[in-house]
Amino acid sequence: MNYRHAYHAGNFADVAKHVALVAVLEHLKRKDKGFVVIDTHAGRGLYDLLGAEAIKTSEALAGIERIRRLKGHLPEALATYLELVRATGDSKYPGSPLIAAQLLRPQDRLVAIEKHPEEAEVLSNALASYTRQQVLEADGYDRLTMLLPPRERRGVILVDPPFEAVDEFRIVARTVVAAHRRFATGIYMVWYPIKSVARAESFCGELLTSGADSLVRVEISRDEPGEGMRAAGLLVINPPFGFAKQMVAIGENLRAPLAAQLRVNWLSGGP
Ligand SMILES: C[S@@+](CC[C@H](N)C(=O)[O-])C[C@H]1O[C@@H](n2cnc3c(N)ncnc32)[C@H](O)[C@@H]1O
């Protein structure tokens, strides 16, 4: 477990993933009934963009720092995401559990799982002032199945692993397929890096074996040359109504400032 998200926090892929998360949470909040957010690989929750790790890669400079002050008429999820980021403070960046914690209502709850002990401790501190949240220092893959189906029977599961292990794509696919069997109506957001198009395609194929009849893929790729990851994707099982269209509009707003293209396509089902 060498991966530390502090090197990558706020990069172009984080922006796309976190705006998508906000879009899903805003949709879930349209009904009064409570829901659960399960973040299987939660990270530390709060990132210092002036810290040594962030400075070393400068990834946030080509990501959140290009849009932090974006104004004008923006899609709702993008506007909310930017408000949350700005409220976190200059040179700070909120990770997925902190974004979720800030958007939850009293009837909702967050389960944030993080395996690395130091990251889990920082996460517990970052979430200390929020109620309705639980931080588990545990293996996200093992723990997920135990948490399903949730008592609320409504919710979103974010699976955002480091993809360090050679067989991590296979483990993720197997875990999500098993989770979907236990909780077929849940919304699943599964992040993956695109280093090999063939690998990404076969991963999408494996997730289709879950039998999910509604599956949308959001991919973001950078136009500019540079070091590091060039593209990433998010597979969303049971996307909320209107989510795909919303992501297209968000992509249009991010296109120029991030110099990145966001593509949305249905792998199963449709609008
Ligand atoms: C990509 S980062 C998560 C970023 C976070 N979801 C966000 O968007 O802000 C992946 C995290 O997973 C943690 N991790 C690695 N293996 C894990 C496992 N088996 N179970 C839970 N967490 C794990 C790493 O320590 C790292 O903090």
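Predicted model only: the values in this text are computed from it and were never measured. Counting convention: from 1, in listed order, for ligands and their atoms alike.
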Worksheet item: How far does CZ of Arg132 sit from CG of Asp108, to the nearest 0.5 angstrom?
Response: 7.5 Å
Worksheet item: Mind checking whether Leu98 has a heavy atom under 4.0 Å from ligand 1?
Response: no
Worksheet entry | Lys NZ or Arg CZ of Arg222 over Phe12 ring: under 6.0 Å, within 45° | yes
Item to complete: Taking only heavy atoms of Gly95 into account, list the atoms of ligand 1 that are under 4.0 Å away from them.
Response: 9 (O)
Discussion item. Between Asp90 and Arg69, does any side-chain N to carboxylate O distance fall below 4.0 Å?
Written reply: yes
Fill in: Contact partition for Lys115 relative to ligand 1, non-hydrogen atoms under 4.0 Å
both
Discussion item. Looking at every non-hydrogen atom in both residues, tell me the closest pair between Lys92 and Arg68 and how far apart they are.
Written reply: O-NH2, 3.1 Å
Response to the item:
To atom 14 (N) of ligand 1, the nearest of Glu137, His116, His41 on a heavy-atom basis is His41
Worksheet item: Hey, is the main chain of Leu158 close enough, under 3.5 Å, to the side chain of Thr40 for a donor-acceptor pair?
Response: yes
Worksheet entry | Option of least heavy-atom distance to atom 26 (C) of ligand 1 (set: Glu118, Glu119, Glu114) | Glu114
Response to the item:
Among Tyr141, Tyr3, Tyr47, closest by heavy atom to atom 2 (S) of ligand 1 is Tyr3
Practice prompt. Check step by step if salt bridge (charged side-chain N to carboxylate O under 4.0 Å, His left out) holds for Glu201 and Arg217.
Written response: CA-CA 11 Å; Glu201 287 297 325; Arg217 172 166 67 184; 3.1 Å; yes
Fill in: atom 20 (N) of ligand 1: nearest protein contact (heavy atom, Å)
Gly140 N, 2.8 Å
Worksheet item: Looking at Ala42, which atoms of ligand 1 are within less than 4.0 Å of one of its heavy atoms?
Response: 5 (C), 6 (N)
Worksheet item: For ligand 1, is His18 a contact, meaning one of its heavy atoms is under 4.0 Å away?
Response: yes
Worksheet item: Does Ala138 have a heavy atom less than 4.0 Å from any atom of ligand 1?
Response: yes
Discussion item. Can you tell me which portion of Ala9 lies within the under-4.0 Å heavy-atom range of ligand 1? Options are side chain, backbone, both, or neither.
Written reply: neither
Worksheet item: Looking only at heavy atoms, is any part of Arg44 under 4.0 Å from ligand 1, and if so is it the side chain, the backbone, or both, or is it neither?
Response: neither
Fill in: Enumerated ligand 1 atoms positioned under 4.0 Å from heavy atoms of Asp139
19 (N), 20 (N)
Worksheet entry | Minimum non-hydrogen distance to atom 7 (C) of ligand 1, winning option of Ala165, Pro161, Ser96 | Ser96
Worksheet entry | Parallel, tilted or perpendicular, as decided by the 30° and 60° cut-offs, for the rings of His18 and Tyr81 | tilted
Worksheet item: So how far is it from Ile237 CD1 to Leu215 CG, rounded to the nearest 0.5 Å?
Response: 5.5 Å
Practice prompt. Mind telling me whether Phe169 and Phe163 have parallel, tilted or perpendicular rings, with 30° and 60° as the class edges?
Written response: tilted
Response to the item:
If you scan protein heavy atoms around atom 4 (C) of ligand 1, the nearest is Asp160 OD2, 3.3 Å
